[in-house]
Participant: 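If you scroll down you'll find the structure; I have some questions about it.
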Amino acid sequence: MKKYDHIKIEKKWQREWAKKKVYRTEDNSKKQKFYILDMFPYPSGEGLHVGHPKGYIATDIVSRMKRMQGLNVLHPMGFDAFGLPAENYAIETKTNPAIAVAKNVVRYKKQLEIIGFDYDWSREINTTDPKYYKWTQWIFLKLFERGLAYESFEPINWCPSCKTGLANEDVEDGKCERCGTSVEKRPMRQWVLKITDYADRLLRDLNVLDWPESIKESQRNWIGRSEGTEINFTIKDKTEKLKVFTTRPDTLFGVTYMVVAPEHKFVTELLEHRENLKNHDEVAKYVTHACMETEIERTNAKKEKTGVKLEGIFAINPANKEKVPVFVADYVLADYGTGAVMAVPAHDERDFVFAKKYKLPIKQVIEPVYTQTTEPGKIIPNFPFEHRNAIIAIVKHWKDDKYMALKWKKVAWGTFITGGVEGNQTPEEAAKMEIKEETGFLHPKLISNFGRIHSKFYHVPKKVNRFAHSHTLYFKLENDAREKVTETENEIHEVKWLTIDELKTFLTEDSHQHALRILADVSDAYVDEGILVNSGAFSGKDSQEVKKVITKSVGGKWVVKYKLKDWVFSRQRYWGEPFPIFHNSDKIIPVSEKDLPVVLPKVKSYEPTGTGESPLASIPKWVNVKVGVGKNAKMLKRETNTMPQWAGSSWYYLRYMDPKNSKALVDPLKEKYWNEVDFYVGGAEHATRHLIYARFWHKFLYDIGIVSTLEPFKKLQSVGLIMGEDGKKMSKRFGNIVNPDLIVKTYGADTLRLYEMFMGPFDQAIAWNTNGMIGSRRFLERVWKLRQKVHEKGTISKETEILLHKTIKKVTEDISSIHHNTAVSSMMILSNVFEKENTISKTHFEIFLKLLAPFAPHITEELWCDLGNKKSIHISGWPLADESKIAERSVTIVVQVNGKVRASFTAVRGTSKEGLEKTALDLPDVKKWIGDKKPKRIIVISDKLVSIVVA
RNA sequence: GCGCGGGUGGUGAAAUGGCAGACACACUAGCCUUAGGAGCUAGCGCCGCAAGGCAUGGAGGUUCAAGUCCUCUCCCGCGCACCA
């Protein structure tokens with residue numbers, strides 16, 4: 001037999017498939033459709049490394065199986081090529097980026113082709129093709145028509161190195177995602193898309209998506225919805241008001257000062273006239289400094305908080321008419337909420353830190369409520385609470401720095417002294433009585449009142465959910481006078497004298513720990529929900545329940561805010577889609593649809609100007625256009641910004657449905673047929689950019705009737721990176737790049753494909769290991785040799801046939817759930833068993849080849865053809881597992897004695913439990929372990945195991 | 001700090017609550033070959049001569065039975081982070 005010559009075989013079949021158009025996708029098919037998509041690549045000058053095809057191989061396998069199962073599969077490929085990498089390359093080499101992109105695309109296609117993908121290349125798209133970006137511009141026009149694209153002059157993130165504005169999503173840790181330079185805030189004219197209008201739908205519809213939870217969670221975080229209240233504070237002796245946003249209107253009575261962001265209009269306007277502020281210069285200096293800081297410096301949470309008081313300015317708390325000072329401080333963000341906050345230091349950590357530093361009053365308005373969530377005393381849900389007035393007494397020793405604590409004897413509790421308040425006792429009387437009863441001490445003296453601490457728990461002896469409201473009182477013993485304690489009290493608990501440090505580990509109840517923090521003077525802001533105090537008519541109410549009531553009482557408005565910001569959509573660079581927009585002095589005039597596309601002109605220099613203008617501005621012939629005829633003709637100026645890299649990829653999946661249509665973005669009938677992407681595979685790094693932008697545009701296109709689905713990608717799967725052999729990210733910088741061309745040449749595309757799938761779980765990052773790949777090659781060699789055992793009238797054993805059917809089932813299920821690694825290993829097991837057979841029947845071997853075909857399309861096609869088949873294996877039918885064969889007649893029964901496996905035996909499937917038990921007890925190995933002891937219990941699981949328990 | 005994933009041999013990893021380590025790499029021994037990154041046979045978690053015991057980051061728990069379920073805890077990766 002011939003040697004397995006992968007080079008010859010792979011070349012031969014790739015040509016043959018292309019010639020016979022084996023993978024051409026039909027639009028007018030009666031078959032059920034399946035749309036499977038890879039995130040298309042950005043063709044850089046460096047070419048693909050072995051990590052790039054991992055996702056493509058996985059989708060290729062799924063699409064091949066689906067095709068064999070008789071579905072009409074759309075599995076397209078294209079190129080995303082606008083943006084900075086191509087432009088920077090152009091600047092370096094002084095070539096037109098269009099030329100470099102064309103060259104890179106050719107290279108990428110060649111690299112992809114030798115791996116043997118089943119793409120229908122007749123549907124290839126390229127985002128830089130005017131025939132494509134015509135429709136990107138068209139979508140922009142529609143957004144503009146609906147008021148979702150607008151010009152703004154707000155300060156935005158600016159990368160001084162890339163010399164362009166950036167979207168919020170392009171900034172990571174205050175640095176430009178592309179080049180790592182710290183971004184600055186810079187006010188400039190820019191185009192912005194109103195993605196915030198879709199925030200609520202983008203958030204809500206995540207729930208129906210079959211996506212990895214981590215990516216959905218990232219998007220939820222990014223959108224950052226929160227509900228709260230907007231409240232106006234009037235300014236003393238002035239007409240203007242200060243509007244704040246808060247999620248905690250229930251703490252309104254605890255406001256002791258206000259804070260506004262340095263960029264806030266309120267501050268800017270005050271600074272316009274010296275006489276407005278007694279400390280004008282100080283404030284001006286602070287504001288200037290704060291605005292100059294970079295995003296990193298500003299947003300570092302660990303940075304010490306700074307601020308300056310606006311001397312002479314006071315705000316009036318609408319709830320209690322109290323007069324509070326106003327500060328300007330950079331811990332308040334200008335672009336979230338209203339850029340101003342009401343500070344409640346007692347119940348907000350940041351305000352607390354600031355108040356401590358500037359010695360501002362801290363006023364408690366929420367009493368803590370602790371809920372027991374662990375046993376013993378875990379509350380029973382949906383069960384009413386019995387309220388009880390109570391005390392917690394902290395008693396200091398008469399001379400030592402020690403405090404009295406109770407160690408409970410019947411439960412694992414450590415507490416201060418506790419008790420109920422009976423009848424018309426005052427809390428102080430009740431506490432003194434408890435001290436005497438429980439400990440015998442006679443002369444406690446009240447030092448201070450720590451207020452109430454509430455706790456919810458299940459009272460085990462009384463069988464009720466209890467809600468205890470404990471007045472927490474601090475006493476000091478005047479002397480050691482003590483009387484005897486009754487026996488009953490002594491049986492319940494033991495008195496201990498402990499230091500503060502010892503109490504930290506001794507006290508088991510959260511409410512007592514809270515009291516201890518007050519005692520030790522280390523309490524910080526209590527930020528959880530609780531019961532209102534010092535809040536006028538609202539005192540005693542539940543904080544959760546009064547939020548809307550308080551809002552209403554001060555004329556506030558219940559609102560929803562998002563962290564998500566509108567999408568800064570213009571770049572001051574050359575290599576992007578031009579905007580279909582004209583300017584006429586102040587007026588904005590959209591280019592009419594029939595004049596699309598606005599083609600990107602050639603320029604002499606691609607260098608960014610850094611002035612906030614793109615290089616396009618330097619081509620007067622392109623910028624100045626005469627529009628209209630006769631006396632209606634006007635000279636207009638074109639918009640010279642370009643769109644960001646993310647524009648083209650925000651809708652490309654739709655174009656594959658109808659890539660050549662010059663009349664419409666996508667033909668409505670084709671859109672209805674192909675519908676949504678059934679399965680989308682790509683890197684998790686796109687979680688908060690491409691995957692949010694595309695969802696946004698898709699929802700917009702739904703609203704204007706272009707698409708018929710609410711979401712673009714039904715099921716999403718993320719690919720785990722392939723790292724270099726050194727475990728570091730594969731990159732030119734580390735010199736650890738493995739070139740797939742070389743692997744394909746030396747080992748073959750089929751080996752590469754098989755290995756990348758066999759490496760490990762698909763979504764997990766993993767290091768490349770060329771050594772480990774040998775195993776996949778050997779497997780294919782063995783499959784090749786198996787051909788010699790195949791005869792028309794060959795036979796395989798019953799067991800092997802059973803295994804074959806189990807393998808069909810396993811491979812089918814594993815491909816569907818992207819467990820390609822275990823699919824490969826199950827085929828390896830089958831081939832190992834085949835090797836032990838003398839002959840293999842043709843039909844059985846063909847089934848095996850079909851299972852392997854999606855993974856190793858070339859070698860299987862060659863063997864399939866060699867067996868005399870005329871049509872391609874890839875359009876043959878997918879095998880079905882015969883369930884009746886999978887159910888083996890004999891099963892192995894495991895016997896456990898006291899939970900340890902001691903023996904096993906073979907039984908006929910379906911043997912009665914009694915029969916299994918009897919056989920098991922008769923086994924010598926079992927008898928040995930039971931000895932003369934009597935089995936206490938015997939558990940029998942049919943067709944599986946017998947578990948014997950002996951004393 | 002909050003949220004989402006993970007911790008299993010020398011390595012990559014398998015395992016509907018039912019024989020932990022399938023499958024593969026590496027390694028060891030032997031065979032076959034004019035030596036090669038080839039093939040075949042056997043071995044390969046740890047301790048132990050063995051019988052057997054111990055092992056899925058750590059500590060408890062539920063169960064006849066736990067890598068798998070529950071509680072606490074440590075470590076690693078990712079996302080968000082002064083968002084009021």
Side-chain angles (χ1 to χ4, degrees), chain A residues 172-173 212-226 228-229 244-248 251 259 298-303 305 329-333 335-344 347-351 353-354 373-375 527 561-565 684-685 687-688 718 720 746-747 754-755 758-761 763-779 781-782 785 819 821-832 835 892-904 935-941 943-950:
Chain A
E172 273 174 13
D173 282 333
E213 198 47 46
S214 59
I215 293 197
K216 291 209 251 180
E217 202 54 34
S218 285
Q219 293 209 351
R220 285 189 195 108
N221 279 338
W222 193 262
I223 295 166
R225 181 183 199 273
S226 65
T229 297
V244 301
F245 172 70
T246 177
T247 54
R248 295 297 299 270
T251 63
V259 192
R298 267 296 286 278
T299 57
N300 184 358
K302 283 167 211 106
K303 185 181 96 165
K305 298 200 178 355
D330 68 359
Y331 80 89
V332 170
L333 306 176
D335 51 7
Y336 182 76
T338 62
V341 302
M342 57 180 223
V344 186
H347 306 292
D348 180 279
E349 276 166 29
R350 297 149 302 180
D351 298 342
V353 172
F354 192 82
T373 52
T374 53
E375 297 294 354
V527 299
K561 295 273 179 203
Y562 300 94
K563 281 199 308 199
L564 183 73
K565 308 232 163 60
E685 68 274 16
T688 52
S718 15
T746 318
Y747 299 90
L754 209 55
Y755 173 60
F758 184 60
M759 286 175 93
D763 55 356
Q764 192 175 296
I766 200 157
W768 177 264
N769 181 355
T770 301
N771 232 337
M773 196 175 55
I774 303 288
S776 301
R777 170 71 193 197
R778 283 184 194 150
F779 168 61
E781 300 259 12
R782 286 207 292 274
K785 279 191 197 151
H819 292 130
N821 56 330
T822 48
V824 173
S825 88
S826 70
M827 287 186 287
M828 286 175 169
I829 294 168
L830 181 61
S831 79
N832 289 346
E835 273 186 335
T892 304
I893 307 292
V894 171
V895 187
Q896 297 182 344
V897 179
N898 280 348
K900 288 206 163 59
V901 178
R902 297 302 183 187
S904 66
K936 246 184 13 193
R937 199 177 153 192
I938 298 174
I939 293 129
V940 185
I941 310 289
D943 300 335
K944 262 204 183 133
L945 107 165
V946 178
S947 181
I948 302 159
V949 189
V950 294

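Below, read A as the first sequence line, B as the second, and so on, with proteins coming before strands; counting in each chain starts at 1.
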Participant: Identify the nucleotide, in any strand shown, that forms a Watson-Crick or G-U wobble pair with B:G9, with both distances under 3.5 Å; if there is none, say none.
Facilitator: none
Participant: Give none if B:A14 has no partner; otherwise give the nucleotide forming a Watson-Crick or G-U wobble pair with it, both distances under 3.5 Å.
Facilitator: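 In the structure as shown, B:A14 has no Watson-Crick or wobble partner.
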Participant: For A:Glu685, look at atom CD and say whether over 12 heavy atoms of other residues, nucleotides or ligands are found less than 6.0 Å away.
Facilitator: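 Atom CD in A:Glu685 is packed in, count exceeds 12.
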Participant: Is any side-chain N or O of A:Arg782 closer than 4.0 Å to OP1 or OP2 of B:G39?
Facilitator: no
Participant: Using atom CG of A:Leu945 as one end and atom P of B:A15 as the other, report the distance to the nearest whole Å.
Facilitator: 21 Å
Participant: Between A:Phe245 and A:Val894, which is nearer to the 5' end of RNA chain B once each is assigned its nearest nucleotide?
Facilitator: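 Closest to the 5' end, via its nearest nucleotide, is A:Val894.
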Participant: For B:C69 versus B:U63, give the span between their C1' atoms, rounded off to a whole number of Å.
Facilitator: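 After rounding to an integer number of Å, I get 10 Å for this pair.
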Participant: Using the ring of A:Phe245 (Phe, Tyr or Trp, six-membered ring only), decide whether A:Lys561 places NZ or CZ under 6.0 Å from its centre and within 45 degrees of its axis.
Facilitator: yes
Participant: Using a 4.5 Å cut-off on heavy atoms from C-beta on, say whether the side chain of A:Val353 contacts that of A:Tyr331.
Facilitator: no
Participant: Taking the side chain of A:Lys563 as its heavy atoms from C-beta onward, which of B:A84, B:C80, B:C19 lies nearest to it?
Facilitator: B:C80
Participant: Roughly how far apart, to the nearest Å, are B:A26 and B:G10 at atom C1'?
Facilitator: 8 Å
Participant: Is B:U41 paired to anything, Watson-Crick or G-U wobble with both distances less than 3.5 Å, and if yes, which nucleotide?
Facilitator: B:A29
Participant: Work out how far the P atom of B:A51 is from that of B:C72, and round it to whole angstrom.
Facilitator: 43 Å
Participant: Within this structure, what is the CZ-to-P distance between A:Arg937 and B:A65, rounded to whole angstrom?
Facilitator: 9 Å
Participant: Glycosidic conformation of B:G45, syn or anti, with 90° from 0 as the boundary?
Facilitator: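 Base orientation relative to the sugar is anti.
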Participant: Give the intermediate values and the outcome of side chain to side chain donor-acceptor pair (under 3.5 Å) for residues A:Tyr755 and A:Thr770.
Facilitator: CA-CA 9 Å; A:Tyr755 173 60; A:Thr770 301; over 6 Å; no
Participant: Over all strands shown, is A:Gln896 touching base, sugar-phosphate only, or nothing at heavy-atom distances under 4.0 angstrom?
Facilitator: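 Base: the residue A:Gln896, judged by heavy atoms under 4.0 Å, touches a nucleobase.
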Participant: Which value, in whole Å, describes the distance between the P atoms of nucleotides B:A59 and B:C74?
Facilitator: 15 Å
Participant: Would you measure the distance from the C1' atom in B:A20 across to the matching atom in B:C31 and give it in whole Å?
Facilitator: 33 Å
Participant: Please classify the nucleic acid contact of A:Ile829 as base, sugar-phosphate, or nothing, using heavy-atom distances under 4.0 Å.
Facilitator: sugar-phosphate
Participant: Can a donor-acceptor pair under 3.5 Å be found between the side-chain atoms of A:Ser947 and the base atoms of B:C64?
Facilitator: yes
Participant: Under a 3.5 Å cut-off for both distances, is B:G79 Watson-Crick or wobble paired, and to whom?
Facilitator: B:C2
Participant: Return the residues of residues 765-773 of chain A meeting this criterion: a heavy atom under 4.0 Å from some atom of RNA chain B. Order them by number, or give none.
Facilitator: A:Ile766, A:Asn771, A:Gly772
Participant: What is the nucleic acid contact for A:Arg778, judged by heavy atoms within less than 4.0 Å: base, sugar-phosphate only, or nothing?
Facilitator: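 A:Arg778: backbone/sugar contact only, no base atoms under 4.0 Å.
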Participant: Provide the distance between the two C1' atoms, one in B:A22 and one in B:C80, to the nearest whole Å.
Facilitator: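 Result for the C1' pair: 39 Å, nearest Å.
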Participant: Using a 4.0 Å heavy-atom cut-off, does A:Phe779 contact any base of the nucleic acid, only the sugar-phosphate backbone, or nothing at all?
Facilitator: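 Nothing, no nucleic acid heavy atom in range.
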Participant: Base, sugar-phosphate or nothing for A:Arg777? Non-hydrogen atoms, less than 4.0 Å.
Facilitator: nothing
Participant: Return the value, rounded to whole Å, for the distance between atom OH of A:Tyr747 and atom P of B:C25.
Facilitator: 13 Å
Participant: For B:A20, which nucleotide in any strand shown is its Watson-Crick or wobble partner with both distances under 3.5 Å?
Facilitator: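 Pair assignment: B:A20 / none.
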Participant: If B:C46 has a Watson-Crick or G-U wobble mate with both distances under 3.5 Å, name it; if not, just say none.
Facilitator: B:G53
Participant: Between B:G17 atom P and A:Ile939 atom CD1, what is the distance in whole Å?
Facilitator: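 About 18 Å, once rounded to whole Å.
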Participant: By the 4.0 Å heavy-atom rule, please label A:Arg902 as base, sugar-phosphate, or nothing.
Facilitator: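 Sugar-phosphate: the residue A:Arg902, judged by heavy atoms under 4.0 Å, touches backbone atoms but no base.
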Participant: Distance between the P atoms of B:G45 and B:U11, in whole angstroms?
Facilitator: 13 Å
Participant: For A:Lys900, answer base if it contacts any base atom (sugar-phosphate contacts may also be present), sugar-phosphate if it contacts only those atoms, and nothing otherwise; contact means non-hydrogen atoms under 4.0 Å.
Facilitator: sugar-phosphate
Participant: Separation of A:Asn898 atom CG from B:G18 atom P, in whole Å?
Facilitator: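 Value for this atom pair: 20 Å.
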Participant: Is the closest basic N to carboxylate O distance between A:Glu781 and A:Arg777 below 4.0 Å?
Facilitator: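 A:Arg777 and A:Glu781: salt-bridged.
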Participant: Of all the heavy-atom pairs spanning A:Asp335 and A:Lys565, show the shortest one and how long it is.
Facilitator: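 Scanning both residues completely, I find the closest heavy atoms to be O-CE, 3.3 Å.
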Participant: Does B:A84 have its OP1 or OP2 closer than 4.0 Å to a side-chain nitrogen or oxygen of A:Tyr331?
Facilitator: no
Participant: For A:Asn832 and B:U41, give me the distance from atom CG to atom P, rounded to whole Å.
Facilitator: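 Interatomic distance, CG of A:Asn832 to P of B:U41: 10 Å.
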Participant: Please say whether the positively charged group of A:Lys305, taken as NZ for Lys or CZ for Arg, lies over the ring of A:Phe354, i.e. under 6.0 angstrom from the six-membered ring centre and within 45 degrees of the axis.
Facilitator: no
Participant: To the nearest Å, how far apart are A:His819 NE2 and B:A24 P?
Facilitator: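 Atom NE2 in A:His819 sits about 20 Å away from atom P in B:A24.
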Participant: With a 3.5 angstrom cut-off on both distances, give the Watson-Crick or G-U wobble partner of B:U71, or none if there isn't one.
Facilitator: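 Across any shown strand, B:U71 pairs with B:A59.
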Participant: In this structure, how many angstroms lie between the P atom of B:C80 and the CG atom of A:Asn221, rounded?
Facilitator: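 Rounded to whole Å, this separation is 8 Å.
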Participant: What interatomic distance, in whole Å, is found between C1' of B:G17 and the corresponding atom of B:G3?
Facilitator: 29 Å
Participant: For A:Ser826 and for A:Gln219, find the nucleotide of RNA chain B with the closest heavy atom, then tell me which residue's nucleotide is more 5'.
Facilitator: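 Nearest-nucleotide comparison on RNA chain B picks A:Ser826.
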